[in-house]
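Please read these numbers as outputs of a predicted model, since none were measured by experiment. In what follows, chains are A, B, ... by sequence order, proteins preceding strands, each numbered from 1.
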2 protein chains.
Amino acid sequence: MAELLPVFTACSTCPIRHRAVCASCDAEELDALNGIKYYKTYSAGQNIALRGDALDMVASIVAGTASLERVTEDGRVQMVGLLLPSDFIGRPGRSGLQYDVMAASDVTLCCFHRKPFEEMLDNTPHLRERLLEMAMDELDAARDWMLLLGRKTAREKITSFIDLIVRRSYHPAEAKLDQPMKIELPISREAMANFLGLTIETVSRQITALKRDGLIQIEGKRSVTIPDIYDLRAETGDDEEDVG
Amino acid sequence: MAELLPVFTACSTCPIRHRAVCASCDAEELDALNGIKYYKTYSAGQNIALRGDALDMVASIVAGTASLERVTEDGRVQMVGLLLPSDFIGRPGRSGLQYDVMAASDVTLCCFHRKPFEEMLDNTPHLRERLLEMAMDELDAARDWMLLLGRKTAREKITSFIDLIVRRSYHPAEAKLDQPMKIELPISREAMANFLGLTIETVSRQITALKRDGLIQIEGKRSVTIPDIYDLRAETGDDEEDVG
DNA sequence: GCGACGAGTTGATTTAGATCAACGCGGACA
DNA sequence: TGTCCGCGTTGATCTAAATCAACTCGTCGC
């Protein structure tokens with residue numbers, strides 16, 4: 001159930017100020033954005049918008065986790081986007097959605113009506129530049145994800161997912177990779193299965209196996225401690241080469 | 001083996017003029033691009049660049065087919081991008097490649113050195129705008145592809161791939177959907193397997209099955225006739241809803 | 001003309017993960 | 001304070017696609 005989420009009003013104190021679409025905006029540009037933004041919250045499980053809908057806004061995730069999902073005609077579900085704080089929802093220049101947008105947890109969005117945002121885009125080079133950068137980052141992430149979906153084993157999928165959450169949870173600078181790391185899984189087992197192209201039974205079994213092998217420890221259902229992140233990464237199937 | 005490919009010099013007669021990254025450039029902008037472009041050809045099977053390489057150019061595909069591939073540490077291959085004429089190679093603002101770029105057939109590229117192209121990007125709003133649009137189109141395509149990789153059966157994967165090639169081979173306006181359609185598969189069975197997250201044996205068997213079921217006819221190895229595209233699409237597993 | 005090689009097909013067998021089924025556990029609620 | 005429900009785990013069995021193995025066909029070089 002959604003308890004009331006904190007509502008931010010000043011961009012200067014916004015937790016995603018330096019990572020979101022507004023990251024490279026200067027004070028003046030930020031001011032303009034500030035004038036057209038509004039906040040909206042959704043509770044866990046709600047759908048934010050459905051495939052085919054005309055979405056009259058774009059938005060940044062301020063808090064919580066949303067997912068993008070595609071569904072086959074007979075109801076098989078594949079997650080095609082996992083949106084964490086600072087990620088962007090919506091496509092400027094096109095209102096018709098290609099996939100469902102779901103609130104995987106309670107979610108706070110910083111929204112902009114489509115029209116004024118698109119106009120700002122034309123007058124604010126920094127904004128379009130940042131949007132392009134984010135789109136290309138997402139494309140790179142999508143390609144990693146395709147390797148995972150097409151070629152990795154169930155165990156590799158799970159370890160890759162945990163590593164992904166680790167990477168998004170720690171700023172590269174402040175991460176101590178040689179110490180145990182602790183994360184919260186942002187989504188349920190079912191959502192993990194839909195992310196990874198597995199069933200929830202297989203997700204559960206693989207997590208149990210990783211626990212048995214000492215690669216992870218679990219407290220509750222969502223809290224994971226990784227004693228040695230290098231050991232975990234050795235199981236992801238990824239080439240070691242550090243690209244990026 | 002690569003026979004000599006035709007080399008174009010004037011943008012005005014370029015076959016991809018109205019679909020590539022330069023599509024929305026005006027005469028003046030085109031002129032500037034023209035000044036920094038150069039052509040390069042690769043023969044089938046060659047790699048254009050490898051993961052980790054610093055690629056000092058970006059390029060548009062003029063003719064032929066290239067693929068982007070990711071490889072697991074033990075050599076499993078997943079195609080993560082299929083680039084047909086008018087598609088764009090490279091990422092402005094970052095030279096380090098995240099994946100291998102391969103020539104799936106003989107390929108002609110229209111190349112731009114990275115630095116001058118990035119400078120043009122800053123002075124040419126149309127260019128950045130078009131690039132953003134293309135990146136977002138590719139992201140949407142990547143998401144369809146993720147549904148395919150994660151949740152579709154082998155038969156659905158093959159029919160989806162054939163449908164994809166049909167859609168890229170016919171301009172929507174001039175396509176006669178109620179008549180038999182004929183396409184050339186742009187890639188080998190092995191490349192199809194790597195695209196679809198299957199083995200070549202499974203690809204071969206599924207194609208045979210589709211032939212047996214009368215959904216497709218094959219002449220040679222690459223030429224496919226689809227008697228009824230609607231029958232084929234009914235097998236893709238996709239939701240009928242026409243979005244986009 | 002003929003062996004070698006690469007691309008593709010077909011068949012037999014194996015297996016990773018799906019499916020079907022039961023059960024545990026904690027929180028909501030009457 | 002029980003029981004109901006959603007979420008997750010565990011066990012038994014099944015199956016789609018992988019793997020292992022031959023074989024065909026075309027073409028390239030000699």
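Atom-to-atom, CZ of B:Arg189 to C1' of D:dC25 comes out at 14 Å; the value is rounded to the nearest Å. Note: CD1 (B:Ile200) to P (C:dA7) measures 9 Å, nearest angstrom. The nearest whole Å value for the distance from the CG atom in A:Leu185 to the P atom in D:dT9 is 10 Å. Rounded to an integer number of Å, the gap from CD1 of A:Ile218 to C1' of D:dC7 is 14 Å. As a whole-Å value, the separation of B:Glu190 CD from C:dG8 C1' is 11 Å. One atom, CZ of A:Arg151, and another, P of C:dG17, lie 13 Å apart when rounded to the nearest Å. Regarding A:Glu219, its CD atom lies at a distance of 18 Å from the P atom of C:dC25, rounded to whole Å. Atom CZ of B:Arg222 and atom P of C:dA7 are 10 Å apart (whole Å).
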I would like to know whether A:Met79 and A:Leu196 meet side chain to side chain contact (heavy atoms under 4.5 Å, CB included); could you show each step before the answer?
CA-CA 8 Å; A:Met79 196 186 292; A:Leu196 299 170; over 6 Å; no
Test side chain to side chain donor-acceptor pair (under 3.5 Å) on B:Thr236 and B:Glu156 and set out the steps.
CA-CA 4 Å; B:Thr236 60; B:Glu156 288 168 343; over 6 Å; no
Kindly determine whether B:Arg233 and B:Thr159 satisfy side chain to side chain contact (heavy atoms under 4.5 Å, CB included), including the steps that lead there.
CA-CA 7 Å; B:Arg233 286 185 182 162; B:Thr159 50; over 6 Å; no
Side chain to side chain donor-acceptor pair (under 3.5 Å), that's the test. Do B:Thr72 and A:Lys152 meet it? Break it down for me.
CA-CA 8 Å; B:Thr72 61; A:Lys152 287 188 178 180; over 6 Å; no
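With a 4.5 Å cut-off on side-chain heavy atoms, B:Ile207 and B:Met192 count as touching.
Salt bridge annotation for A:Lys176-A:Asp178: absent, with no cationic side-chain nitrogen under 4.0 angstrom from a carboxylate oxygen. With salt bridges taken as basic N to acidic carboxylate O contacts below 4.0 Å, none links A:Asp239 and B:Arg70. Of the charged side-chain nitrogens involved, at least one lies within less than 4.0 Å of a carboxylate oxygen, so that B:Lys182 and B:Glu219 count as a salt-bridged pair. A salt bridge links B:Arg168 with B:Asp87: the distance from a Lys NZ or Arg NE/NH1/NH2 to an Asp or Glu carboxylate oxygen falls below 4.0 Å.
Dashed line: the shortest gap from a side-chain N or O of B:Ser204 to OP1 or OP2 of C:dT10 is not under 4.0 Å.
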For nucleotides 13-17 of chain D, give me every protein contact, N/O to N/O, under 3.5 Å, one pair per line with atom names.
residue, atom, partner, partner atom, Å
D:dA17, OP1, B:Ala154, N, 2.8

Report each atom pair, protein N/O against N/O of nucleotides 21-24 of chain D, whose distance is under 3.5 angstrom.
none

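Side-chain atoms of A:Lys221 lie closest to D:dG8 of the nucleotides C:dT10, D:dG8, D:dT9.
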